[in-house]
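Below is one structure, written out as structure tokens; comments come after it.
Sequence positions, counted from 1, serve as the residue numbers for this chain.
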Amino acid sequence: QVQLAESGGGSVQAGGSLRLSCAASGSIISINYMNWYRQAPGKQRELVAGITSGGSTNYADSVKGRFSISRENAKNTVTLQMNSLKPEDTAVYYCNARVFTRWGTPVSDYWGQGTQVTVSS
């Protein structure tokens, strides 16, 4: 069993910054990659940023240049630094990880409970 614990959500004015963190715990052999998704009311969940165990990163076009994802492998944590926030960034942000938990079994995806980010104008 694997749990993802998210923190750092909150409310901020446009142009401000927030930092989200996600820590994975449980029966973990290795984590292939960790991602941040977000979902606004009435919208589909979308990928915001991702990072592999080797440090390769990927960003949605809408956040490129404003958000930065990093990973601390030894602690199985991922951080999303969000700068120059806009009202359209308002959403529930979810941590996602692809985890290898047991020898002889496929990797599995796990999700955090979500943390609210609200950006006001």
Side-chain angles (χ1 to χ4, degrees):
Q1 194 68 246
V2 175
Q3 296 82 40
L4 302 180
E6 300 144 320
S7 62
S11 298
V12 66
Q13 293 186 356
S17 299
L18 287 173
R19 186 170 69 180
L20 306 182
S21 295
C22 175
S25 62
S27 301
I28 300 171
I29 295 176
S30 63
I31 299 178
N32 290 19
Y33 53 77
M34 301 183 76
N35 303 308
W36 284 100
Y37 285 77
R38 68 185 181 188
Q39 187 168 23
K43 304 293 184 180
Q44 290 190 328
R45 188 172 299 186
E46 64 174 342
L47 177 66
V48 178
I51 186 167
T52 69
S53 61
S56 180
T57 59
N58 178 49
Y59 298 94
D61 289 340
S62 60
V63 307
K64 195 170 297 182
R66 300 187 297 119
F67 292 9
S68 179
I69 190 169
S70 60
R71 178 172 175 174
E72 187 175 346
N73 290 335
K75 295 185 176 181
N76 293 321
T77 60
V78 63
T79 299
L80 184 68
Q81 178 67 46
M82 305 185 294
N83 299 322
S84 301
L85 284 163
K86 305 175 181 179
E88 48 264 45
D89 294 319
T90 296
V92 177
Y93 285 70
Y94 296 90
C95 180
N96 160 254
R98 180 156 290 184
V99 183
F100 181 36
T101 61
R102 184 178 180 180
W103 292 105
T105 63
V107 296
S108 299
D109 280 330
Y110 293 87
W111 294 86
Q113 78 283 0
T115 184
Q116 177 71 46
V117 171
T118 302
V119 184
S120 62
S121 59

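Taking OG of S120 as the reference point, atom CD of Q13 lies at 5.0 Å (rounded to 0.5 Å). To the nearest 0.5 Å, atom CZ of residue R19 and atom OG of residue S70 are 8.0 Å apart. Here S11 contributes atom OG and Q116 contributes atom CD; the two are 7.5 Å apart, rounded to the nearest 0.5 Å. Interatomic distance, OG of S25 versus CD of Q1, reported as 10.0 Å (0.5 Å rounding). Remark: N35 CG to T57 OG1 distance equals 11.5 Å, nearest 0.5 Å.
At a threshold of 4.5 Å between non-hydrogen side-chain atoms, the residues T101 and I29 do not count as touching. Proximity of S17 to M82: side-chain heavy atoms (C-beta onward) are nowhere separated by under 4.5 Å. Here the side chains of Q113 and C95 are not in contact, with every heavy-atom distance at 4.5 Å or above.
Residues W36 and T79 approach most closely at NE1-C, 4.1 Å, considering heavy atoms. Nearest heavy atom pair, residue A91 against residue A40, reads CB-N, 3.9 Å. When all heavy atoms are compared, the tightest approach of I31 to A97 is CG2-CB, 4.2 Å. Nearest heavy-atom pair, S121 versus A14, reported as atom, atom and distance to 0.1 Å: CA-CB, 4.4 Å.
Listed for the T90 side chain is a donor-acceptor partner under 3.5 Å among the backbone atoms of V119. Between the side chain of Q39 and the backbone N or O of K43, at least one donor-acceptor pair lies under 3.5 Å. Side chain of E6 to main chain of G114: a donor-acceptor pair is present (N/O by atom type, distance under 3.5 Å, no hydrogens or angles).
One hydrophobic cluster, built from ILVMFWY side chains closer than 4.5 Å, holds both L20 and Y59. Residues V12 and F67 fall within the same hydrophobic cluster, defined by Ile, Leu, Val, Met, Phe, Trp and Tyr side chains chained together at heavy-atom separations under 4.5 Å. Clustering ILVMFWY residues whenever any of their side-chain heavy atoms sit less than 4.5 angstrom apart, transitively, puts Y110 in a cluster other than the one holding Y33. Under the 4.5 Å side-chain heavy-atom criterion for grouping Ile, Leu, Val, Met, Phe, Trp and Tyr, I51 is not connected to F100 through any hydrophobic cluster. Using a 4.5 Å cut-off between side-chain heavy atoms of Ile, Leu, Val, Met, Phe, Trp and Tyr, with links allowed through other members, Y93 and I69 fall into the same hydrophobic cluster.
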Full working for side chain to side chain contact (heavy atoms under 4.5 Å, CB included) between V99 and N32
CA-CA 6 Å; V99 183; N32 290 19; over 6 Å; no
Report the C-alpha distance between N76 and M34 in whole Å, list the side-chain angles of each, state the deciding distance to 0.1 Å, and finish with yes or no for side chain to side chain contact (heavy atoms under 4.5 Å, CB included).
CA-CA 9 Å; N76 293 321; M34 301 183 76; 5.6 Å; no
Set out, in order, the CA-CA distance, both residues' side-chain angles and the distance that settles side chain to side chain contact (heavy atoms under 4.5 Å, CB included) for Y94 and V92, then state yes or no.
CA-CA 7 Å; Y94 296 90; V92 177; 3.4 Å; yes
Verify side chain to side chain contact (heavy atoms under 4.5 Å, CB included) between S53 and R71, making sure each step is shown before the conclusion.
CA-CA 8 Å; S53 61; R71 178 172 175 174; 3.9 Å; yes
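None of T115, L80, V48 except one satisfies the side-chain contact (heavy atoms from CB on, under 4.5 Å) rule with R38; the exception is V48.
Among residues at least two apart or in separate chains, salt bridge (charged side-chain N to carboxylate O under 4.0 Å, His left out) pairs with a member in residues 103-121 are R98-D109.
Looking only at atom types and distance, the side chain of R45 has no donor-acceptor partner in the side chain of Y37 under 3.5 Å away.
Here D89 does not pair with K86 in a salt bridge; the nearest charged N to carboxylate O distance is not below 4.0 Å.
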